[in-house]
Structure formats: C-alpha cells, structure tokens
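Quick notes on the structure that follows.
Order of listing sets the numbers, starting from 1, for every ligand and every atom in it.
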Amino acid sequence: MKALSISNLKKTYKNGFEALKGIDLEVEAGDFFALLGPNGAGKSTAIGIISSLVTASSGSVSIFGHDLVKERERAKSCIGLVPQEINFNQFDTVQGIVLNQAGYYGMPSKLALERTELCLKQMDLWDKRNTISRRLSGGMKRRVMIARAMVHAPKLLILDEPTAGVDIEIRRSMWKLMKEVNQQGTTIILTTHYLEEAESLCRNIAIIDQGKIVENSDMASLLARL
Ligand code: ADP
Ligand code: ADP
C-alpha cells in the first residue's frame, strides 16, 4: 500500500515562479521518509499541496489511494500536518489546544477526551495538560503541535522542519518520540535540511533542489554514495 503517490506535480505561483517543476514520488505505508533540500527548494510547497493548503498547478497526488482532488475529504482525513510555525492559541491550555482540534474533526466528546489523553501521553505532555501553553518551553510547544496533529489518528503524519531551531538535546528527545510514533504504525514524512536528522530517523529519502527531485533512494545506499 502506498501512503503517498505523487505524479508529475507542478506548482507555478501567481508571480510566475515555478516552485515545483514536475515531481514524482512514492512513499510506502509504514515508512519514515525524509524530504531533504536547501531553503527555497520547494519542500514547503510540496507539503502544502499534500495537505491541501496550496493548490497544485498540475499533476496528481493520492493519499492511501484517495485522489486529493476527487476524494478530497477522505484524503485529508488521512493526514496530520505539523507546520513549522507554532500556530496554536498561546493562552489555551495544552489539553484545550488538542481538544479544540478534536472538535474541529467533529469527534464525540468521549472519544475526543480519550484521543487527547492518548496523544498527550504519547508526547510526554500529560502532566502539563493544564498548563497555559505560553509558559511551555520551545521543545514542549513543538510536541503540543505534534499531539494536536495526531488527535484524529491520521495514517500519515507530515512534519515540516520539526526540530528547526531547537537545541541538540531537545532534538534528540523529539527524534525518540517520532520514532515511537512511526513504530506504532503511523507513516511519517518529514522535511529537513539537516542530513543528520534524516540519517538518524528515516529509511527512505528524496532530495529536492530547485523544484526537482534530484535523488530518491533508501538511506543506506544514499549514505554509501556520499
Ligand atoms: P497561489 O498561487 O497558491 O494562490 P499566491 O501567489 O496567491 O499563491 O501567494 C500566496 C501567499 O504567499 C501570498 O500571501 C503571498 O504574499 C505569499 N508569497 C508571495 N511570494 C512569496 C515568496 N517568495 N515566498 C513565500 N511566500 C510568498
Ligand atoms: P522550502 O520549503 O524548500 O524552503 P518553499 O516551498 O517554501 O521551499 O519555496 C520554494 C520557492 O518558492 C522559494 O523560492 C519561495 O520563495 C517560492 N515561493 C514560496 N511561496 C511562494 C508564493 N506564495 N509566491 C511566490 N513564490 C513563492
């Protein structure tokens, strides 16, 4: 089963800039996949399209077999997105943030509470559930973002530069949590510009540069060639 299948995907922004120049990509269910590339390569554009935030100019995307255009709602429900910027209400409690998201998905309240508890425990945040999120450390805020993105039990979790700007100790502890989420069966795609991060987490990798995939293989054979 393919978690993600992308074919000849192009994106030209309104100002005429070609951010994606025809991308093909496949990610197997269960994989931990890295999309690596320098700033401006097109990683956020690609992730934006996969998560229905950006409209593609042409090409096709399907998520667990659901075409992103023809079966938009089903495709969307398979995805949990963790954007780069912290965008929750900093005056909400940790639990409130995750519960709100459950409400957004229309979950009945009993299920919402159960899922919230599970996701906060998974991100080591259960004892912080009543803390106003503004008071959390940067690493904890990132983990709230992940817990929130997992509340509807998405099959595919997409993380955009999950550890950008956090120090090495926090980065390592986040790596451990992400590995556990993957081992429990969630497919993960992350973007990063650290090869080290991709190397320690991911089985397969694509490298994107100037809107094109320039490398796509398993991590071990890529490292052997470097
Ligand atoms: P679309 O073609 O998907 O409708 P737009 O061209 O309307 O996208 O741009 C979407 C948003 O991105 C706008 O708010 C725009 O200001 C912003 N934007 C424009 N240029 C850039 C850029 N070079 N990098 C990042 N964001 C940009
Ligand atoms: P990355 O995530 O790899 O840093 P992005 O997908 O954010 O790359 O951006 C790819 C290129 O597209 C960059 O040159 C960026 O300036 C440009 N870009 C991004 N958003 C817009 C936009 N809305 N309008 C015009 N250009 C954009």
Quiz prompt | Enumerated ligand 2 atoms positioned under 4.0 Å from heavy atoms of Asn39 | solution = 4 (O)
Quiz prompt | Numbering as shown, the atoms of ligand 2 that approach Ala19 to under 4.0 Å (heavy-atom distance) | solution = 12 (O)
Exercise. Look at the side chain of Arg129 and the backbone N and O of Glu117, then say whether any donor-acceptor pair between them is shorter than 3.5 Å.
Key: no
Quiz prompt | Flag for Ser44-Asp160: side-chain donor and acceptor within less than 3.5 Å | solution = yes
Quiz item: Which atom pair, heavy atoms only, marks the closest approach of Phe88 to Lys141?
Solution: CE2-O, 3.6 Å
Quiz item: What atoms in ligand 2 come closer than 4.0 Å to a heavy atom of Asn15?
Solution: 25 (C), 26 (N)
Quiz item: At a 4.0 Å cut-off, with the gap strictly under it, does some heavy atom of Gly42 reach an atom of ligand 2?
Solution: yes
Exercise. May I ask you to say whether Lys11 pairs ionically with Glu18, meaning some side-chain N is under 4.0 Å from a carboxylate O?
Key: no
Exercise. Answer with side chain, backbone, both or neither: which part of Thr45 has a heavy atom less than 4.0 angstrom from an atom of ligand 2?
Key: both
Quiz item: Is Pro38 touching ligand 2 with its side chain, its backbone, both, or neither, if touching means heavy atoms under 4.0 Å apart?
Solution: backbone
Quiz prompt | Carboxylate-amine/guanidinium proximity below 4.0 Å for Glu28 and Arg203 | solution = no
Practice problem: Using non-hydrogen atoms of the residue, decide whether Gly211 is closer than 4.0 angstrom to ligand 2. | Solution: no
Quiz item: Within the structure, does Ala41 bring an N/O atom to less than 3.5 angstrom of an N/O atom in ligand 2?
Solution: yes
Quiz item: In ligand 2, which numbered atoms sit nearer than 4.0 Å to a non-hydrogen atom of Ser44?
Solution: 1 (P), 2 (O), 6 (O), 7 (O)
Self-check item: Close N or O approach (Gly40, ligand 2; < 3.5 Å)
Solution: yes
Quiz item: Does Asn100 have any side-chain hydrogen bond (donor to acceptor under 3.5 Å, both in side chains) partners at least two apart in sequence or in another chain, and if so, which?
Solution: Asp92
Quiz prompt | Pairs where residues 51-66 contributes a residue and the test salt bridge (charged side-chain N to carboxylate O under 4.0 Å, His left out) is met, not counting sequence neighbours | solution = none
Exercise. Could you list the atoms of ligand 2 found under 4.0 angstrom from a heavy atom of Lys43?
Key: 1 (P), 2 (O), 3 (O), 4 (O), 6 (O), 8 (O)
Quiz item: Has Arg115 got its NZ or CZ under 6.0 Å from the middle of the six-membered ring of Tyr105, at an angle within 45 degrees of the ring axis?
Solution: no
